[in-house]
Amino acid sequence: MTIKLLLGISLPLTLLAQSGPPVVISSIALSSDPATREPLKFSATNSSGKAVAAYVLRCRLRDDVGKAVGQINTTVATSGVVPSMARAPYAPGETWTDRVDRIPQKENGGVPAKAEVDAVFVLFADGSTWGDDKMNQAVTLRGMQRGAAMERMLLKRQLKEGGTAAVERFLQSER
């Protein structure tokens, strides 16, 4: 394919297929005990060359004959999005374990028999993204980042104007 720019210059254009997801999910374990604190555990690996600040998972739930019984979408954020999060962005090549707690129960009170989990959207620490943002998570995540930036600005101002005591008062206030 060739693209012609406004200046009349033609450049070859190659459309590259989007490679596999930058967050690869593996080792999925679904507990059959609905009372467990960790009904769905999984391992994930950052297979990209960039730090991952947040990602959105799609969890498709199936019964013991493979029929779809539900879907959960969940967002996992790090301190790259919300500084108060204890977890730093996931480094390239890093593998971690996480969980999804909100697995709906079946009508008989049990949990689904199988879960299929994949990353559908990724926000990298540098601000770039991967995947279709069908759930509009980019707006939510960027809003969280902006809110955290405003919070840092307020804390810095409190520190500058009144020292650590002013910061402590600010943090203890109902804001």
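- When side chains are defined from C-beta on, Arg62 does not count as touching Lys67, because their heavy atoms never get closer than 4.5 Å.
- Taking each heavy atom of Glu94 and Pro89 in turn, the nearest pair found is OE1-O, 4.2 Å.
- Here the shortest heavy-atom pairing between Val139 and Asp133 reads N-OD2, 4.5 Å.
- Leu123 has its side chain out of reach of Tyr55: every pair of non-hydrogen atoms, C-beta onward, lies at least 4.5 Å apart.
- The closest side-chain heavy-atom distance from Met144 to Arg146 is not below 4.5 Å.
- Side chain of Arg142 to backbone of Gln137: no donor-acceptor contact under 3.5 angstrom is found.
- Between atom CD of residue Gln158 and atom OG1 of residue Thr164 there is a gap of 12.0 Å, rounded to the nearest 0.5 Å.
- Between Lys156 and Leu159 there is no side-chain heavy-atom pair separated by less than 4.5 Å.
- Expressed to the nearest 0.5 Å, how far CZ of Phe170 lies from CG of Leu155 amounts to 5.5 Å.
- Within the structure, salt bridge (Lys or Arg N to Asp or Glu O under 4.0 Å) pairs that include any residue of residues 21-30 do not occur (at least two apart or interchain).
- Looking at Phe121 and Leu141, their side chains come closer than 4.5 Å, going by heavy atoms from C-beta outward.
- One distance of note links OG1 of Thr140 with CE of Met135; it measures 10.0 Å at 0.5 Å rounding.
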Given side-chain contact (heavy atoms from CB on, under 4.5 Å), test Val76 with Trp96 step by step and report yes or no. CA-CA 12 Å; Val76 179; Trp96 62 95; 5.6 Å; no

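- For the pair Val23 and Val52, the minimum side-chain heavy-atom distance is below 4.5 Å.
- Under the 4.5 Å side-chain heavy-atom criterion for ILVMFWY residues, no single connected hydrophobic cluster contains both Val122 and Val24.
- Using a 4.5 Å heavy-atom threshold, the side chains of Asn73 and Leu57 count as separate.
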Run the side-chain donor-acceptor check on residues 42-49: report pairs under 3.5 Å with partners two or more places apart or on a different chain.
residue	atom	partner	partner atom	Å
Thr45	OG1	Thr95	OG1	2.8
Asn46	OD1	Ser48	N	2.9
Asn46	OD1	Ser48	OG	2.7
Asn46	ND2	Lys50	O	2.8
Asn46	ND2	Tyr90	O	3.0
Asn46	ND2	Ala91	O	3.3
Ser47	OG	Pro21	O	3.0
Ser47	OG	Pro22	O	3.2
Ser48	OG	Lys50	N	3.1
Ser48	OG	Lys50	O	2.9

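- A donor-acceptor pair is defined here as one N or O able to donate and one able to accept, closer than 3.5 Å; no such pair exists between the side chain of Asp132 and the backbone of Lys134.
- Atoms CD1 and CZ, on Ile72 and Arg60 in that order, are 13.0 Å from each other to the nearest 0.5 Å.
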